[in-house]
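In what follows, chains are A, B, ... by sequence order, proteins preceding strands, each numbered from 1.
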Amino acid sequence: MSNINGKAYAMNAITPMKPWKTWILRALLFIFAQAVKTSDLKKLSFIHFARWVIVPHRKFPRVSGEQPKENLQYDYLIFFSNFNGTWNQYIDAFSAVLSTGLDAIWWWSEKFPGAVPVTPFKDYIALVQFETDYYYDAYPHATTNDVKAAHRVKAALDELAAPSPNMSADEFAKSYLQFLTRVQGDLGATGEPPVGT
Amino acid sequence: MANQSGGVYGLTILSPIKDDPNSEVSPNLALRIYLAKLPRHRNSPFAKVSSTHFARLVVMDDVVYVGMPACEEHLQSKYLVFESNFDGDLDTYLERMAAEIPETVDAVWKHCVGFPGVADVAAFKAYMKKCQIETTFFFADVNDKTVQQTLRALQTQSAVTAFIVKHQGASPSELQAAFAHFMEKLNKAPLPAPAATLGKEFVDELA
């Protein structure tokens, strides 16, 4: 299935919005981008990259005269996400952790039922989702938590290694133990994803 | 700028797909057939454009009708959606696509209206920018590390884990000597290729 590559899932969802509502959403997303809501996204900690893109009804790209002109009433909000885990886990977590933020973003889309309760929310996302034809991931064996942990290990290792040639064996052993304590939660191997994601 | 988060750029492109009622295989289906066969892992063309973290190509057939009382409406064209998350700036990325995967770019976008080809890089970049949609809100969980830094960190994490396991119970002097040797091998180890799974044997050899 092309929505999945390794441990990442590619979601695409498109929802119609009345054009006058678009400006409210733009303002909200601008505020979110500046401040607090990204921290909620970080709390989820299984999204590598995500984006919301507003396509105004008159702004679908028209690159030549041979292309028929679009005649749309709605602006469209397109959501792209690169996340780890299953679709159900993702929507459940979104509903549980980010319902206020998601309601603020999708409230302006036609017939959005709200992120809570989760069943109509899932029905809505399933309706507006469209499939990915090709999906590339530069580190398919790693989740976003793996990536963050790996960078912490690398930074700690560099700090251990730099002074190590000038240490006595006992000093090194002590620093090594401190290093182990520091990185113990970030160790482990990445690898093939479990079947089902 | 909403297209950027830290050092990562979020590119969104919508390219209208040709409509040819006389062709045996419609352009959108031909495109889907091509994409289905395109390698996704180590041999992916995007592995050659090595600043790419994640990328997707999607044929968007139409907008979605969500039911009454919303209005039902339809697109006049199908669109190829290109979503990419990469390091650096847009111009450099498009130039790398044109230089490093010209056959793939041509094979994909030849199904799109007005595509000038990649031979004329300036025309290609102008076309892609004309099809670009500004990202309204872009989130990158890790936005201060390049693909290569992340691949190196993942390699390091695996190697360190194997080293720790292998040298449990070593005396301080043995440990220090082994660590110096480990760091020397690790620093000389080639960078893992994008989209390749790190082999266990390789990690064990480093440890």
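Between Phe112(A) and Val66(B) the shortest side-chain heavy-atom distance does not fall below 4.5 Å. The closest side-chain heavy-atom distance from Gln176(B) to Met167(A) is below 4.5 Å. Between Asp61(B) and Phe130(A) there is no side-chain heavy-atom pair separated by less than 4.5 Å. Considering only heavy atoms from C-beta on, Val63(A) comes within 4.5 Å of Cys131(B) through its side chain.
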Open item on the list: Before you tell me yes or no, could you show the steps for Phe179(A) and Val160(B) under side chain to side chain contact (heavy atoms under 4.5 Å, CB included), namely the whole-Å CA-CA distance, both residues' side-chain angles and the distance that decides it to 0.1 Å?
Closed with: CA-CA 11 Å; Phe179(A) 166 74; Val160(B) 164; 3.9 Å; yes
TODO: Take Phe49(A) and Asp141(B) through the test side chain to side chain contact (heavy atoms under 4.5 Å, CB included) and record every step on the way to the result.
DONE: CA-CA 6 Å; Phe49(A) 300 98; Asp141(B) 198 21; over 6 Å; no
Open item on the list: side chain to side chain contact (heavy atoms under 4.5 Å, CB included), that's the test. Do Arg152(B) and Lys154(A) meet it? Break it down for me.
Closed with: CA-CA 8 Å; Arg152(B) 178 66 83 191; Lys154(A) 176 78 168 67; 3.7 Å; yes
TODO: Might you work through the side chain to side chain contact (heavy atoms under 4.5 Å, CB included) test for Leu157(A) and Phe179(B), ending with a clear yes or no?
DONE: CA-CA 11 Å; Leu157(A) 183 72; Phe179(B) 182 78; 3.7 Å; yes
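Phe46(B) and Tyr134(A) have tilted rings, their planes meeting at an angle from 30° to 60° on a 0 to 90° scale. The aromatic rings of Phe32(A) and Phe137(B) sit perpendicular to each other, their planes meeting at more than 60°, with 30° as the lower class boundary. The aromatic rings of Tyr139(A) and Phe54(B) sit perpendicular to each other, their planes meeting at more than 60°, with 30° as the lower class boundary.
The candidate from Ala142(A), Pro61(A), Pro68(A) with the greatest count of non-hydrogen atom pairs under 4.5 Å with chain B is Pro61(A). Comparing Cys71(B), Ala170(B), Pro194(B) by how many heavy-atom pairs each has under 4.5 Å with chain A, the most go to Cys71(B). Of all the listed residues (Val147(B), Val59(B), Leu151(B), Val165(B)), the one sharing the greatest number of non-hydrogen pairs under 4.5 Å with chain A is Val59(B). Between chain B and the options Thr15(A), Asp146(A), Val55(A), heavy-atom pairs under 4.5 Å are most frequent for Asp146(A). Put simply, of Leu38(B), Asp19(B), Leu14(B), Val81(B), the one with the most heavy-atom pairs under 4.5 Å next to chain A is Leu38(B). Among Gln132(B), Lys18(B), Lys145(B), Met183(B), the residue making the largest number of heavy-atom pairs under 4.5 Å with chain A is Lys145(B). Among Leu160(A), Leu25(A), Val183(A), the residue with the largest count of heavy-atom pairs under 4.5 Å with chain B is Leu160(A). The candidate from Phe115(B), Phe182(B), Phe163(B) with the greatest count of non-hydrogen atom pairs under 4.5 Å with chain A is Phe163(B). Your options are Ala36(B), Cys112(B), Gly114(B), Gly67(B), and the one with the most heavy-atom pairs under 4.5 Å with chain A is Gly67(B).
We find that Arg51(A) and Glu83(B) are joined by a salt bridge, their nearest charged nitrogen and carboxylate oxygen being less than 4.0 Å apart.
The two atoms that bring Phe139(B) and Ile47(A) nearest to each other are CE2-O, 3.7 Å, heavy atoms only. Leu127(A) and Val64(B) make their closest contact through O-CG1, 3.6 Å (heavy atoms, listed as atom of the first residue, atom of the second, distance). Closest of all the heavy-atom pairs between Pro172(B) and Ala173(A) is CB-CB, 3.8 Å. Shown here for Glu134(B) and Val53(A), the closest heavy-atom pair between the two residues is O-CG1, 3.5 Å. Across all their heavy atoms, Ile54(A) and Ile133(B) have their closest contact at O-CG2, 3.8 Å. Between Ala153(B) and His151(A), the shortest heavy-atom contact is CB-ND1, 3.6 Å.
For a residue to count as touching a neighbouring chain, one of its non-hydrogen atoms must lie under 4.5 Å from one of that chain's; by this rule Ser175(A) does not touch chain B. For chain A, the nearby parts of Ala47(B) are the backbone and the side chain; heavy atoms of each come within less than 4.5 Å. Looking at Leu186(B), the atoms closer than 4.5 Å to chain A (heavy atoms on both sides) all sit in the side chain, from C-beta outward. Both the backbone and the side chain of His41(B) come within less than 4.5 Å of a heavy atom in chain A. Using a 4.5 Å cut-off between heavy atoms, Lys69(A) touches chain B through its backbone atoms (N, CA, C, O) alone. For Glu174(B), no part lies near chain A; criterion is any non-hydrogen pair under 4.5 Å. Residue contact with chain B, scored on non-hydrogen atoms closer than 4.5 Å, is absent for Ala13(A). Pro69(B) touches chain A through backbone and side chain together, each having a heavy atom under 4.5 Å away. Heavy atoms closer than 4.5 Å to chain B are found nowhere in Ser109(A), neither backbone nor side chain.
In the model, Asn5(A) has no side-chain atom that pairs as donor or acceptor with a side-chain atom of Arg56(B) under 3.5 Å. One side chain, Tyr79(B) or Glu70(A), offers a donor N or O that lies under 3.5 Å from an acceptor on the other. Side-chain contact check for Tyr136(A) and Ser84(B): no donor-acceptor pair (N or O, by modelled atom type) lies under 3.5 Å.
Atom NZ of Lys129(B) is surrounded by more than 12 heavy atoms from other residues, nucleotides or ligands within 6.0 Å. Counted within 6.0 Å of CH2 on Trp107(A), heavy atoms from surrounding residues, nucleotides or ligands total 12 or fewer; the atom is thus considered open. By the 6.0 Å contact criterion, CG on Asn71(A) is open, its count of non-hydrogen atoms from other residues, nucleotides or ligands being 12 or less. Other residues, nucleotides and ligands place more than 12 heavy atoms under 6.0 Å from the NZ atom of Lys21(A). Applying the 6.0 Å contact sphere to NZ of Lys48(B) captures no more than 12 heavy atoms from other residues, nucleotides or ligands.
With hydrogens and angles ignored, the 3.5 Å screen pairs a side-chain donor or acceptor of Lys111(A) with a backbone N or O of Met68(B). Judged purely by atom type and a 3.5 angstrom limit, Glu73(B) uses its side chain to pair as donor or acceptor with the backbone of Gln73(A). Using modelled atom types, no side-chain atom of Glu131(A) and backbone atom of Val58(B) make a donor-acceptor pair closer than 3.5 Å. In terms of modelled atom types and a separation under 3.5 Å, the side chain of Asp133(A) and the main chain of Leu35(B) share no donor-acceptor contact. Glu66(A) places no side-chain N or O within 3.5 Å of a backbone atom of Val113(B) that could act as its donor or acceptor partner.
The distance from the CD1 atom of Ile14(A) to the CE atom of Met60(B) is 4.5 Å, given to the nearest 0.5 Å. To the nearest 0.5 Å, the span separating OG1 on Thr156(B) from CZ on Arg152(A) amounts to 14.5 Å. Here the OG atom belonging to Ser64(A) is positioned 8.0 Å from the NZ atom belonging to Lys130(B), to the nearest 0.5 angstrom. Taking CD of Gln67(A) as the reference point, atom OG of Ser15(B) lies at 9.5 Å (rounded to 0.5 Å). With values rounded to the nearest 0.5 angstrom, Ile164(B) atom CD1 is found 4.5 Å from Leu187(A) atom CG. We find the CD1-OG1 distance between Ile105(A) and Thr136(B) to be 10.5 Å, quoted to the nearest 0.5 Å.
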